[in-house]
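Before any comments, here is the structure.
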2 protein chains.
Amino acid sequence: MSLRYALLALLEVGPLTGYDLQKQFAVSVGHVWHAPDSQIYPELRKMEADGLIEAEVIPWGNQGRKRQYHATEAGVRTFVDWMNAPLSYSRVRDPAHLRAAYLEWATPDAARGFLRGHIRHHREQLDQWVAELHAIDSLTNPMLVRRLAVTAEKDRRKTVAFKRFTYEGLIAQAENEIAWANRGLEILGEFDSPE
Amino acid sequence: MSLRYALLALLEVGPLTGYDLQKQFAVSVGHVWHAPDSQIYPELRKMEADGLIEAEVIPWGNQGRKRQYHATEAGVRTFVDWMNAPLSYSRVRDPAHLRAAYLEWATPDAARGFLRGHIRHHREQLDQWVAELHAIDSLTNPMLVRRLAVTAEKDRRKTVAFKRFTYEGLIAQAENEIAWANRGLEILGEFDSPE
DNA sequence: GAAAACATGTAACCGGTTACATGATTCT
DNA sequence: AGAATCATGTAACCGGTTACATGTTTTC
């Protein structure tokens, strides 16, 4: 159910089309919440039906049309209420750690492949997040710039601080996973080349 | 789709009823993969239909009956194949970090509550995992003991090593989240009591 | 004129969540 | 006799995934 809050978060800053939102999900918000376009467009319609957002149909070229959405008062309220409500945690479902727990069933090669894949995956995430952190610091993230433009001067530092905080957390997560997998490779080595 | 592999992992060790499996999901495997009974029983039936497991109907008391499942040859093969296949990673969907990214919308109290809740949640997880790690080291985890009983002597160290490895990883994750949330509380403090 | 980008969806499926539902056995 | 535990499900719903589907506009 967080998709709608992720969408609302983006729409708090200013009106966007489904396509704009979709692109944001490929970069900024997408770093913490992924959603494909096939989910975004129907969700926007539902949110519109629920009165959280409103669309303005804008002509685009000769025949083209696009729907530009903006948050309504109710939408802002809903978003703020969610931000102030306690977060509910879903139960653990962690394929990588599930596999690790039974790794003695894999061949040594497959086990090594799994751990290297884990490192590769988190290295890729890490690279993205580090780049995003730089974009925050250098103010080259367009959504953040737009956000700051509509934020009172006194709240700007805070806004930037939370964005940094988020990405620092994600970076620490990725580094942690990489360190864990490397430790796993060491353990594998102990059993592969025993002496 | 990992539920069936989690179930197979448990059934590799020896026959269990749906109820036995369900209890394991409340403790050991449940630490990495949660599943409610309403999901376990139907999944077992599907696995039986797919020939991965077989049930033996055992009388229980005067009229009671229970179905004790064991992995078939095909079941073992399927499990081993999964263990040797590359793991596919699903896209990020992280409610806590999503919220953190827009935490300036929450009241200072709600923000503090969110971070404290994050710490509480991961502290609870941490406690469970630390206890589990002790149960591994002291060989008081019944499933592990059963597992070791059917494992060749030379593979026992390896089996225990991977279990430890898994829980060390989970513990590091939890500690990481707690450290992150504490850092968030510090940041909050800077903005709440500025001078 | 072709390719890239803009724009917006539908549909089938699947795994997981929540709530409901029931009955037997064993322990105290 | 009552509580705890053992035992096994069904059903409605919902969020997310994957595949499919289509047309316009802008840029090169």
Side-chain angles (χ1 to χ4, degrees), chain A residues 1-8 10 15-27 29-30 32-50 53 55-69 82 87-95 98 142, chain B residues 1-8 15-27 29-30 32-50 53 55-69 82 88-95 98 142:
Chain A
M1 202 49 172
S2 292
L3 172 59
R4 91 171 24 194
Y5 300 107
L7 289 167
L8 278 174
L10 291 173
L16 292 169
T17 67
Y19 187 78
D20 295 332
L21 286 160
Q22 195 206 122
K23 273 196 307 180
Q24 287 309 310
F25 272 82
V27 284
V29 217
V32 286
W33 199 271
H34 167 78
D37 46 345
S38 67
Q39 209 189 346
I40 292 172
Y41 288 109
E43 183 63 26
L44 287 170
R45 290 291 186 157
K46 272 185 242 160
M47 289 164 73
E48 195 183 9
D50 293 345
I53 57 176
E56 203 180 329
V57 179
I58 291 178
W60 165 61
N62 288 343
Q63 295 146 267
R65 256 149 192 65
K66 57 182 181 178
R67 298 171 65 79
Q68 198 174 51
Y69 292 97
W82 179 73
L87 190 64
S88 64
Y89 289 84
S90 54
R91 248 70 76 86
V92 188
R93 208 163 293 108
D94 185 333
L98 171 60
Chain B
M1 202 46 174
S2 293
L3 171 58
R4 88 170 27 194
Y5 300 108
L7 289 167
L8 278 174
L16 293 168
T17 66
Y19 187 78
D20 295 332
L21 286 161
Q22 196 206 121
K23 272 197 307 180
Q24 287 309 311
F25 272 83
V27 284
V29 217
V32 285
W33 198 271
H34 167 78
D37 47 345
S38 68
Q39 209 189 347
I40 291 172
Y41 288 108
E43 184 63 25
L44 287 169
R45 290 292 185 156
K46 271 185 243 161
M47 288 164 73
E48 195 182 9
D50 293 345
I53 59 175
E56 204 180 329
V57 178
I58 291 178
W60 166 62
N62 289 343
Q63 296 145 264
R65 256 149 193 64
K66 58 181 181 179
R67 300 170 64 79
Q68 199 175 50
Y69 292 98
W82 179 73
S88 64
Y89 289 84
S90 54
R91 248 69 77 84
V92 188
R93 209 162 293 105
D94 185 333
L98 172 59

Can you confirm if the NZ or CZ of R93(A) lies within 45° of the ring axis of W33(B) and under 6.0 Å from the centre of its six-membered ring?
yes
Rounded interatomic separation in angstrom, taking [atom1] from [X] and [atom2] from [N]:
X      : N      : atom1 : atom2 : result
D37(A) : dA5(C) : CG    : C1'   : 14 Å
E48(A) : dT8(C) : CD    : C1'   : 13 Å
Y19(A) : dC6(C) : OH    : P     : 4 Å
I40(A) : dC6(C) : CD1   : C1'   : 14 Å

In this structure, CZ of R67(B) is separated from CH2 of W60(B) (nearest 0.5 Å) by 15.0 Å
Stepwise, does the side-chain contact (heavy atoms from CB on, under 4.5 Å) test hold for L7(A) with F25(A)?
CA-CA 9 Å; L7(A) 289 167; F25(A) 272 82; 3.5 Å; yes
Heavy-atom nearest nucleotide on DNA chain D for A35(A) versus Y41(B): which residue maps closer to 5'?
Y41(B)
Contact nearer the 5' end of DNA chain D, comparing Q68(B) with Q39(A)
Q68(B)
Flag the pair P95(B) / Y89(A) as yes when at least one side-chain heavy-atom distance between them is below 4.5 Å, and no otherwise.
no
Report yes if the side chains of L8(A) and I53(A) come closer than 4.5 Å at any heavy-atom pair, otherwise no.
yes
Look for any protein N or O under 3.5 Å of an N or O in nucleotides 22-26 of chain C and output each such pair with its distance, or none.
| from | atom 1 | to | atom 2 | distance (Å) |
| --- | --- | --- | --- | --- |
| dA24(C) | O3' | G64(B) | N | 3.3 |
| dT25(C) | OP1 | W60(B) | O | 3.4 |
| dT25(C) | OP1 | N62(B) | N | 2.7 |
| dT25(C) | OP1 | Q63(B) | N | 2.6 |
| dT25(C) | OP1 | G64(B) | N | 2.9 |

For D20(A) and Y69(A): C-alpha separation, side-chain torsions, deciding distance, then whether side-chain contact (heavy atoms from CB on, under 4.5 Å) applies.
CA-CA 10 Å; D20(A) 295 332; Y69(A) 292 97; over 6 Å; no
Shoot me the first and last contacting nucleotide of DNA chain D against chain A, ordered 5' to 3', at under 4.0 angstrom to non-hydrogen atoms.
dG15(D) to dT25(D)
Could you go through R4(B) and D50(B), starting from their C-alpha distance and side-chain angles, then the distance that decides it, and tell me whether this counts as side-chain contact (heavy atoms from CB on, under 4.5 Å)?
CA-CA 11 Å; R4(B) 88 170 27 194; D50(B) 293 345; 3.0 Å; yes
When R91(A) and E43(B) are each assigned the nearest nucleotide of DNA chain C, the 5'-most assignment goes to E43(B)
At their closest point, which heavy atom of K66(B) faces which heavy atom of T17(B), and how far apart are they?
CD-CG2, 3.7 Å
I need the minimum non-hydrogen distance between P42(A) and D37(A), along with the two atoms involved.
CD-O, 4.1 Å
Need one value for S38(A): base, sugar-phosphate or nothing, where a base atom within 4.0 Å counts as base even if backbone is also close, heavy atoms only.
base
